[in-house]
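Below is one structure, written out as structure tokens; comments come after it.
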Amino acid sequence: MATKKLLSVENLTLLAIVGGVGFGYFFHQASLDLKVIGDIYLKLLKMLIIPLVVASIYIAITSLSGKEELKSIGIKAFAYYLSTTALAVLLGLVLFSIINPGAGEHLLAAPSVTIAKKELSISDFLLSFIPANIFDALAKGAILPIIFFTIFFAVGSLFIQEHKRSVLYNFFDSINDAMMILAKWIINLTPIGVFFLIAATVAKHGLEPIVSLYSYVLTVLAALAIHAVVTLPAIGYFFGRFNPYRYFLAIKEAPLIAFSTASSSATLPVSLEVAEEKGGVSKKVAGFVLPLGATINMDGTALYESIAVMFIANISGVELSLAQQITIFLTVTFASIGAAGIPGAGLVMMTMVLDSVGLPVESIALIITVDRFLDMFRTAVNNWGDLLGAKLIDRLLTR
Ligand code: ASP
């Protein structure tokens, strides 16, 4: 029994992370050659995302006891997503002004790289939510439009006759159950997948840039740590009256996988599994809060972006006014909602934030070297934020 616990997937995954760093550092070529093993694991997880998102949101909404409950869960989820994201950005901005990394280090012009610029247009942003053709969105894996359609579809189903709704409900419930079984099988491969993913990341990016940008890296890591260890648990404790640390220990496998894959979306199958089976979150709350959260609730990304843009301003010798800092606050919040749950998405959205305060988009090149490293940490925090929200809303509904 004790050995079984010691050899649990969580512990083996932790070991795989440490081992992967060492392997990637000492065996560059082998790590790059064997990356395919990590990619297979990642693809297996990704394969489940769309059926799981559609099925879990559909059954979550249609299993609510009425429109009142739907309204209540929806309002709570959005209030949670927005307030924790805003707190994260604020923490990033405050911590930045205390530590002030990069002050006085006027680095020379950024190395030239071509980066596609993401334009900031509220109308495009809103339009991108609505799929003109749901099958096209499904084929392309465009998660936000898929979620938008599924919510509408499920709410519409609440208005059809009960016996017809139950046909649809049973259909999606069966898909969901079958996907969760696949998820369980794939989760058993986590230690192997994670080992090779981490090894390839270390082999490809190396650890050296982290040393040269240490003040920036440390500021981001400190802010992420405060948000994960203090802010989020405090919200869980005061509003949900549960022990957030005990809950974290129960569900820690999901943030570990988020860390290793740097993808909130790829972690979704695992998040649903652990929240329901180990974290005691009801299926209807997990099915609503987690898929939505994996796509739009990204505290870690928001926090990282606020620090990154201030750092770029600092090393470019640009002083940001209060009005510009407020602009950063708003654009970063939207950018984190719009960022996809995939590796490096936060960096792409950074172009929009830089543009909003008139900083050159090319200056991203200054921080690109450490992005993958920071991506792992911010994705783990994104995921932890989603899981804490699921537990909190579950508690609020059942009290
Ligand atoms: N990799 C992050 C995620 O999937 C997004 C980001 O790049 O910040 O949550």
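Both counts, for ligands and for their atoms, begin at 1 and track the order of listing. For the single chain, residues carry numbers from 1 onward in sequence order.
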Pair K76, S72: side-chain N/O donor-acceptor within cut-off below 3.5 Å: yes
Side chain to side chain donor-acceptor pair (under 3.5 Å) partner of T379, the single match among N382, N383, D375: D375
Polar atom proximity, S265 to ligand 1 (N or O, under 3.5 Å): no
Protein residue, atom and distance nearest to atom 7 (O) of ligand 1, heavy-atom basis: G346 N, 2.7 Å
Atom indices of ligand 1, in the order listed, that fall short of 4.0 Å to a heavy atom of D375: 1 (N), 2 (C), 6 (C), 7 (O), 8 (O)
Location of contacts on N383 toward ligand 1, heavy atoms closer than 4.0 Å: neither
Polar contact flag, side-chain donor to acceptor under 3.5 angstrom, Y41-T190: yes
Within-shell test, G344 vs ligand 1, heavy atom, strictly < 4.0 Å: yes
Mutual orientation of the aromatic rings belonging to Y216 and F311 [parallel < 30°, tilted 30-60°, perpendicular > 60°]: parallel
Criterion salt bridge (charged side-chain N to carboxylate O under 4.0 Å, His left out) on K278 and E273, from CA distance to verdict: CA-CA 8 Å; K278 298 182 179 165; E273 221 292 304; 5.4 Å; no
S264, portion touching ligand 1 at heavy-atom distance under 4.0 Å: both
G341 N/O to ligand 1 N/O under 3.5 Å: yes
Numbered atoms of ligand 1 (with element) below 4.0 Å of T301, judged on heavy atoms: 5 (C), 6 (C), 8 (O)
Salt bridge K283-D394, side-chain N to carboxylate O under 4.0 Å: no
Per-atom contacts of ligand 1 with S263, taking only distances under 4.0 Å to non-hydrogen atoms: 4 (O)
Donor + acceptor pair across side chains of D371, Y304 (<3.5 Å): yes
Heteroatom distance test (A345, ligand 1): nitrogen or oxygen, under 3.5 angstrom: yes
Ligand-side contact atoms (ligand 1) for residue partner A262, heavy atom cut-off under 4.0 Å: 1 (N), 4 (O)
Identity and distance of the protein heavy atom lying nearest atom 2 (C) of ligand 1: T379 OG1, 3.3 Å
Salt-bridge present (D39, K46; N to O < 4.0 Å): no
